[in-house]
Amino acid sequence: MAIYHTTHSYDGAKWTVNTLVKNPVWVPNLVKRLVEDMDISQVLLRQGPNAVGGTVGYERTVALYADSEGEVVAEYGEIPMTNVPHTTPFTVQTQKRGSGFRFSEETRTRNNTGLVRDAIDKVKRALVRGKETALFDTIMADPDALEVFSAAGWEGANSSVVADLAEAQYQVAAQGAEGARHNEKLGNQADTLIIHPQTEALLIDNTEVNNIFAGSPLASQQLRYTFKMPRQFANLTVLKAWSVPVDTAIVCQRGYMGFKSVEWPLRGTPLKYDESTQSYTSYFTYRDVMQVDNPKAVCFIRGITSGSS
């Protein structure tokens, strides 16, 4: 684990460590709220089936059309029946994850609120990182997700940002179930772009992207002027995540591409004093599963940059 040395001030706290000891649910409730506010899976995934007994059943990309169209029927003729194809059901198991929080008796007697605040921040970051890592590990490992390769990369004067995003959105929209005819589409519509923060820094100085804004009513929103990505770009909501590979952008339809099923939500135990270690502890756990059940609503744009994170 990498360790970074930082400097900060511990002054100005409006509470004391004894306040936390006297109100043992304050820390677990605070951490839970902070983690939920930063959980990107809440934005990208829909609520899935109930995880009864830790198992979730689902089907991937069920066909939306019957196997034949309406046919011409002669007078007194028998109306033909159609068969509706189904997919084989799948099951996945929930997983339990957790992290702990503690501070010593010395921290309490010295009223070291800064150290406690740091400990709260560390456990919050650990839980958020765990949720984000699990989400993107699931998305990136799906073998059935769509994939396109950048025509010219997103670096340099001759980048292909617009062309790549248009191609990825088309690929998502053009997908049909296996064996479907040309006009039988799944109805996917990409609405989200997920990039690594380094990609945002690259796009800020990208001539192709800035030229889109120059000379238009949105000239004041040029990235070289605002120094940040707009919330909407190429008809897509822009999100950033450190877990996305730096050479890849993800175009997807949030909510439709996958689900999250919760056996039990994040919860923390009340702060408790441990005589054997003379410390106060709280333990945080949750049990859930995240799954991509419509991989054709996800498209990776590979090779956008040759850099590394």
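Distance alone, capped at 3.5 Å, places no donor-acceptor pair between the Arg267 side chain and the Thr285 backbone. Distance alone, capped at 3.5 Å, places no donor-acceptor pair between the Asp164 side chain and the Gly153 backbone. A donor-acceptor distance shorter than 3.5 angstrom exists from the side chain of Asn29 to the backbone of Val25, with no hydrogens or angles considered.
With hydrophobic clusters built from ILVMFWY side chains whose heavy atoms lie under 4.5 angstrom apart, Leu30 shares a cluster with Leu127. Each of Tyr283 and Val123 belongs to its own hydrophobic cluster when Ile, Leu, Val, Met, Phe, Trp and Tyr are linked at side-chain heavy-atom distances under 4.5 angstrom. At a threshold of 4.5 Å between side-chain heavy atoms, the hydrophobic network of Ile, Leu, Val, Met, Phe, Trp and Tyr places Val262 and Leu266 in two separate groups.
With sequence neighbours left out, the side-chain contact (heavy atoms from CB on, under 4.5 Å) criterion links Asp137 to Thr133. The side-chain contact (heavy atoms from CB on, under 4.5 Å) test applied to Arg110 returns Glu106, not counting sequence neighbours. By the side-chain hydrogen bond (donor to acceptor under 3.5 Å, both in side chains) test, Tyr280 pairs with Glu105, Arg108, sequence neighbours left out. With sequence neighbours excluded, no residue forms a salt bridge (charged side-chain N to carboxylate O under 4.0 Å, His left out) with Arg129. A search for side-chain hydrogen bond (donor to acceptor under 3.5 Å, both in side chains) contacts involving Gln232 returns Thr237, not counting sequence neighbours. For Arg102, there are no side-chain hydrogen bond (donor to acceptor under 3.5 Å, both in side chains) partners, not counting sequence neighbours. Listed by chain and number, the residues in a side-chain contact (heavy atoms from CB on, under 4.5 Å) with Asn211 are Thr207 (sequence neighbours excluded). Residues satisfying the salt bridge (charged side-chain N to carboxylate O under 4.0 Å, His left out) criterion with Arg302, sequence neighbours excluded, are Glu147.
Counting only N and O atoms by type, the side chains of Thr305 and Asp247 include no donor and acceptor under 3.5 Å apart. Judged purely by distance below 3.5 Å, without hydrogens or angles, the side chains of Ser159 and Asn206 pair a donor atom with an acceptor atom. For the residue pair Ser41 and Lys260, a side-chain donor N or O sits within less than 3.5 Å of a side-chain acceptor on the partner. Side chains of Thr16 and Asn18: no donor on one and acceptor on the other come within 3.5 Å.
In this structure, Ser220 and Tyr225 approach most closely via the heavy-atom pair O-CD2, 3.1 Å. The shortest non-hydrogen separation linking Ser160 to Ala152 is OG-N, 2.8 Å. Between Arg97 and Ala134 the shortest heavy-atom distance is NH2-CB, 3.6 Å. Looking at every heavy atom in both residues, Gln253 comes nearest to Gly187 through OE1-O, 4.4 Å. What you find for Val73 and Glu78 is that their closest heavy atoms are CG1-O, 4.1 Å. Between Ala126 and Ser99 the shortest heavy-atom distance is CB-OG, 4.2 Å.
Only one option out of Gln95, Lys96, Arg287 pairs with Glu263 in a side chain to side chain donor-acceptor pair (under 3.5 Å); it is Arg287.
Going from atom CD of Glu155 over to atom OG1 of Thr199 covers 9.0 Å, rounded to the nearest 0.5 Å. Separating the CG atom in Asp293 from the OH atom in Tyr256 is a distance of 8.5 Å, to the nearest 0.5 Å. In this structure, Arg117 CZ and Leu20 CG are separated by 11.0 Å, a value rounded to the nearest 0.5 Å. Note that the OG1 atom of Thr281 and the CZ atom of Phe101 stand 9.5 Å from one another [nearest 0.5 Å]. Atom CD of Gln169 is separated from atom CG of Asp191 by 9.5 Å, given to the nearest 0.5 angstrom. With rounding to the nearest 0.5 Å, the separation of CG in Asp288 from CH2 in Trp264 is 10.5 Å.
Other members of the hydrophobic cluster containing Ile194, listed by chain and number, are Ile40, Val43, Leu44, Leu45, Leu135, Phe136, Ile139, Met140, Leu239, Val244, Ile250, Met257, Met290, Val292, Val298, Phe300; membership follows side-chain contacts under 4.5 Å among ILVMFWY residues, whether direct or relayed. Chaining together hydrophobic side chains whose heavy atoms lie under 4.5 Å apart places Leu146 alongside Val172. Annotation for Leu223: hydrophobic cluster partners, listed by chain and number, are Val148, Trp154, Val161, Val162, Leu165, Leu193, Ile195, Leu202, Leu203, Ile204, Val209, Ile212, Phe213, Leu218, Phe227, Met229, Phe233, Leu236, Val238, Val251, Ile301, Ile304 (ILVMFWY side-chain heavy atoms under 4.5 Å, direct or chained).
Side-chain contact check for Phe103 versus Leu271: some heavy-atom pair is nearer than 4.5 Å. Residues Lys124 and Met38 form a side-chain contact, since some pair of their non-hydrogen atoms from C-beta on lies under 4.5 Å apart. Between Gln291 and Phe90, the closest side-chain pair of non-hydrogen atoms is not below 4.5 Å. For the pair Val31 and Trp26, the minimum side-chain heavy-atom distance is 4.5 Å or more.
Salt-bridge annotation for Asp121 and Arg125: present, with a side-chain N of the basic residue lying under 4.0 Å from a carboxylate O of the acidic one. Classification of Asp37 and Lys32 as a salt-bridged pair fails, no side-chain N sitting under 4.0 Å from a carboxylate O. Classification of Asp144 and Lys296 as a salt-bridged pair fails, no side-chain N sitting under 4.0 Å from a carboxylate O. A salt bridge links Lys240 with Glu200: the distance from a Lys NZ or Arg NE/NH1/NH2 to an Asp or Glu carboxylate oxygen falls below 4.0 Å.
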Could you pull out all donor-acceptor pairs under 3.5 Å where a side-chain atom in residues 47-57 meets a protein atom, sequence neighbours excluded?
| residue | atom | partner | partner atom | Å |
| --- | --- | --- | --- | --- |
| Thr55 | OG1 | Gln93 | OE1 | 3.3 |
| Thr55 | OG1 | Gln93 | NE2 | 3.1 |

From CA spacing to verdict: side chain to side chain donor-acceptor pair (under 3.5 Å), Asn112, Thr107
CA-CA 5 Å; Asn112 197 335; Thr107 299; 5.5 Å; no
Apply side chain to side chain contact (heavy atoms under 4.5 Å, CB included) to the pair Val17 and Thr113, showing each step before the final yes or no.
CA-CA 6 Å; Val17 180; Thr113 55; 4.0 Å; yes
